[in-house]
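A quick write-up on the structure given underneath.
One-based numbering along the sequence shown. Quick caveat, the model's predicted, so the values are computed rather than measured.
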Amino acid sequence: MSSISTPRPSVVQLAIKEKAALYAAYIPLFAEGGMFIPTTRDYRLGDDVYVLLSLPEDSQRYPIAGRVAWVTPPRASGNRTQGVGIQFPKDEKSRLLKIKIEEILGSHLASDRPTQTI
């Protein structure tokens, strides 16, 4: 019997209530899509994070088995919010979620307003 245990991914609930918040958190830069999650918890690159995502005007919750792709530390420059960028996995559910998010955002995606992401 092995005594090595893999830490279980943490579970984060992220309820986004309006388009502006979704625009600020969504990461179109990742091919599979991704989401910024404001958190003070200590994450490292590559950590697995299980996200339960709620979108504006949608009662469904979307489970995402994501991975930390970047970390914004406390007191980051430019007054950015502390948190992590989660990259969605390469699967069909993520592809459909990315399409749904981009449909909700529509013309907002082309905006040059600053976001919490890169």
Side-chain angles (χ1 to χ4, degrees):
M1 214 161 107
S2 169
S3 64
I4 299 172
S5 68
T6 309
R8 291 182 50 226
S10 63
V11 176
V12 178
Q13 294 196 36
L14 183 63
I16 297 181
K17 305 228 181 316
E18 53 214 29
K19 260 191 209 181
L22 181 61
Y23 171 78
Y26 179 60
I27 309 167
L29 191 74
F30 295 148
E32 297 79 37
M35 197 61 64
F36 177 80
I37 298 174
T39 180
T40 55
R41 189 168 164 178
D42 205 15
Y43 285 103
R44 293 195 167 82
L45 291 178
D47 282 355
D48 290 321
V49 181
Y50 192 76
V51 183
L52 289 171
L53 176 65
S54 304
L55 297 173
E57 297 161 34
D58 186 346
S59 59
Q60 189 175 341
R61 291 205 326 202
Y62 299 90
I64 306 155
R67 179 158 281 158
V68 175
W70 97 72
V71 176
T72 302
R75 298 173 299 284
S77 64
N79 227 1
R80 290 189 321 225
T81 305
Q82 178 181 357
V84 291
I86 303 296
Q87 185 169 13
F88 295 169
K90 284 185 179 168
D91 62 19
E92 186 63 11
K93 277 196 317 194
S94 295
R95 194 181 72 76
L96 295 172
L97 179 58
K98 177 180 164 102
I99 290 168
K100 179 157 192 62
I101 289 170
E102 292 183 356
E103 278 174 359
I104 291 169
L105 290 175
S107 62
H108 280 296
L109 271 179
S111 170
D112 52 11
R113 279 203 343 256
T115 69
Q116 294 170 339
T117 68
I118 34 184

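Note: L14 CG to F36 CZ = 10.0 Å, rounded to the nearest 0.5 Å. To the nearest 0.5 Å, atoms CG (L53) and CG (D58) are separated by 9.0 Å. Taking CD1 of I37 as the reference point, atom OG1 of T72 lies at 11.5 Å (rounded to 0.5 Å). From D47, atom CG reaches atom CD1 of I86 across 8.5 Å, with rounding to the nearest 0.5 Å. Going from atom CD1 of I101 over to atom CG of L96 covers 11.5 Å, rounded to the nearest 0.5 Å. Here R95 contributes atom CZ and K100 contributes atom NZ; the two are 14.0 Å apart, rounded to the nearest 0.5 Å.
Of all heavy-atom pairs between Y43 and V12, the closest is OH-CG2, 3.6 Å. The two residues R41 and S10 make their nearest non-hydrogen contact at NH1-CB, 2.9 Å. Shortest non-hydrogen contact noted between G85 and I27 is CA-CD1, 4.0 Å. Residues P74 and Q82 come closest through the heavy atom pair CB-OE1, 3.5 Å.
Linking Ile, Leu, Val, Met, Phe, Trp and Tyr residues whenever their side-chain heavy atoms come within less than 4.5 Å places F88 and L45 in a single cluster. Note on W70 and L29: same hydrophobic cluster, where clusters join Ile, Leu, Val, Met, Phe, Trp and Tyr whose side-chain heavy atoms are under 4.5 Å apart, directly or indirectly.
Side-chain contact between E102 and Y26: present, with at least one pair of heavy atoms (C-beta onward) separated by less than 4.5 Å. Counting heavy atoms from C-beta on, the side chains of I16 and M35 come closer than 4.5 Å. Within the 4.5 Å cutoff, the side chain of I104 has heavy atoms near those of the K19 side chain.
Dense packing is recorded around CD of Q60, with more than 12 heavy atoms of other residues, nucleotides or ligands lying under 6.0 Å away.
A side-chain donor-acceptor contact under 3.5 Å links R67 to the backbone of G46.
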What verdict does the side-chain contact (heavy atoms from CB on, under 4.5 Å) test give for E32 and Q87, after you've listed the backbone C-alpha separation in whole Å, the side-chain angles of each residue and the deciding distance to 0.1 Å? CA-CA 7 Å; E32 297 79 37; Q87 185 169 13; 3.0 Å; yes
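By the salt bridge (charged side-chain N to carboxylate O under 4.0 Å, His left out) test, E103 is found to be paired with no residue, residues two or more places apart in sequence or in another chain being considered.
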